[in-house]
Amino acid sequence: PFLFVSALPKPNEVAHWCSLGIKHVVVLIHKLEQRQTSYIRIWKEMEEKKVFFDKISAMLQKTKGHILSEDMGLLVANGREIYYEPFPMGQMSYSGLWDQKLITDALDRKEFSVAILYFYAPALKANRNFTRDFMKAFNRNYKFVGRTVLPGETGPSPQSLYFYGPKENA
């Protein structure tokens, strides 16, 4: 296994360690091994996230048409336009400073090829980011197509990305 340079003792520390006696040296080496294990774990988690988001990016790059995403970083990282910023636009709509008819009409026209949210849409009536009218338009026109758990997330309700596509006309 590799050891990060920052975890290695400085030359003047080696002499100090020698003066401490073998018992203390063993304790210090154990602490260095713990630090190394921590770095390796973090490195592996970062690598898992990179692989995960590379797959999401590949999917987004193949997607034709507009994408609606609650995670705007995914859009920016993939050169896609942002059509809706959930928190500020939701709040402006609640405050009467912005007419959300633009976005609800776009949802009714099914202008988005893919929508990516952090929640299962049919279970939500409204929240601070999405008004009741937004959610009605969304649920009327988009269907759930899949979910993927974010890397490193565990437990009964791990943070996930939920994917939606336009419903076919009846």
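Since this is a predicted model, take the numbers as computed values, not measurements.
Qualifying salt bridge (Lys or Arg N to Asp or Glu O under 4.0 Å) partners for Arg132, counting only residues two or more places apart in sequence or in other chains: none. Partners of Ser57 according to the side-chain contact (heavy atoms from CB on, under 4.5 Å) rule, which considers only residues two or more places apart in sequence or in another chain, are Gln61, Asn78. Shown here are the salt bridge (Lys or Arg N to Asp or Glu O under 4.0 Å) partners of Glu111, two or more places apart in sequence or in another chain: Arg109. Here Glu47 pairs with nothing under the side chain to side chain donor-acceptor pair (under 3.5 Å) rule; sequence neighbours left out. Not a single salt bridge (Lys or Arg N to Asp or Glu O under 4.0 Å) links Lys49 to another residue, sequence neighbours left out.
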Pairs under 3.5 angstrom only: tabulate donor-acceptor contacts from the side chains of residues 91-101 to other protein residues two or more places apart or in another chain.
| residue | atom | partner | partner atom | Å |
| --- | --- | --- | --- | --- |
| Gln91 | NE2 | Arg128 | O | 2.9 |
| Ser93 | OG | Gln100 | OE1 | 3.4 |
| Tyr94 | OH | Asn127 | O | 2.7 |
| Tyr94 | OH | Phe130 | O | 3.3 |
| Ser95 | OG | Gln91 | O | 2.9 |
| Asp99 | OD1 | Lys101 | N | 3.0 |
| Gln100 | OE1 | Thr131 | OG1 | 2.6 |
| Gln100 | NE2 | Thr131 | OG1 | 2.9 |
| Lys101 | NZ | Asp105 | OD1 | 3.1 |
| Lys101 | NZ | Asp105 | OD2 | 3.2 |

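Among residue pairs with one or both ends in residues 54-65, those qualifying as salt bridge (Lys or Arg N to Asp or Glu O under 4.0 Å) are Lys50-Asp54; sequence neighbours excluded. The salt bridge (Lys or Arg N to Asp or Glu O under 4.0 Å) analysis of residues 139-156, with sequence neighbours excluded, yields the pairs Asp108-Arg140, Lys143-Glu168. For residues 60-83, the set of pairs meeting the ring-ring contact (aromatic ring centres under 6.0 Å, His included) definition, not counting sequence neighbours, comprises His66-Tyr83, Tyr83-Phe112. Residue pairs satisfying the salt bridge (Lys or Arg N to Asp or Glu O under 4.0 Å) criterion with at least one member in residues 67-91, sequence neighbours excluded, are absent.
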Kindly indicate, with the supporting measurements, whether the criterion side-chain contact (heavy atoms from CB on, under 4.5 Å) is fulfilled by Phe138 and Leu117.
CA-CA 11 Å; Phe138 187 86; Leu117 303 175; 3.7 Å; yes
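A distance of 5.0 Å separates CG of Leu124 from CZ of Phe119, quoted to the nearest 0.5 Å. Taken to the nearest 0.5 Å, the CE atom of Met135 stands 9.5 Å off from the CG atom of Leu107.
Listed by chain and number, the hydrophobic cluster partners of Val149 come to none, as no ILVMFWY side chain reaches under 4.5 Å of it. Here Leu60 is tied into one hydrophobic group with Phe52, Phe53, Ile56, Met59, Ile67, Met72, Leu74, Leu75, Val76, Ile82, Val114, Ile116, Tyr118, Val145, Leu150, Leu161, Phe163, each link being a pair of ILVMFWY side chains closer than 4.5 Å.
Contact record, Pro166 with Ser113: CD-O, 3.4 Å, taken as the closest heavy-atom pair.
Between Tyr162 and Tyr120, the ring-plane angle classifies as tilted under the 30° and 60° cut-offs.
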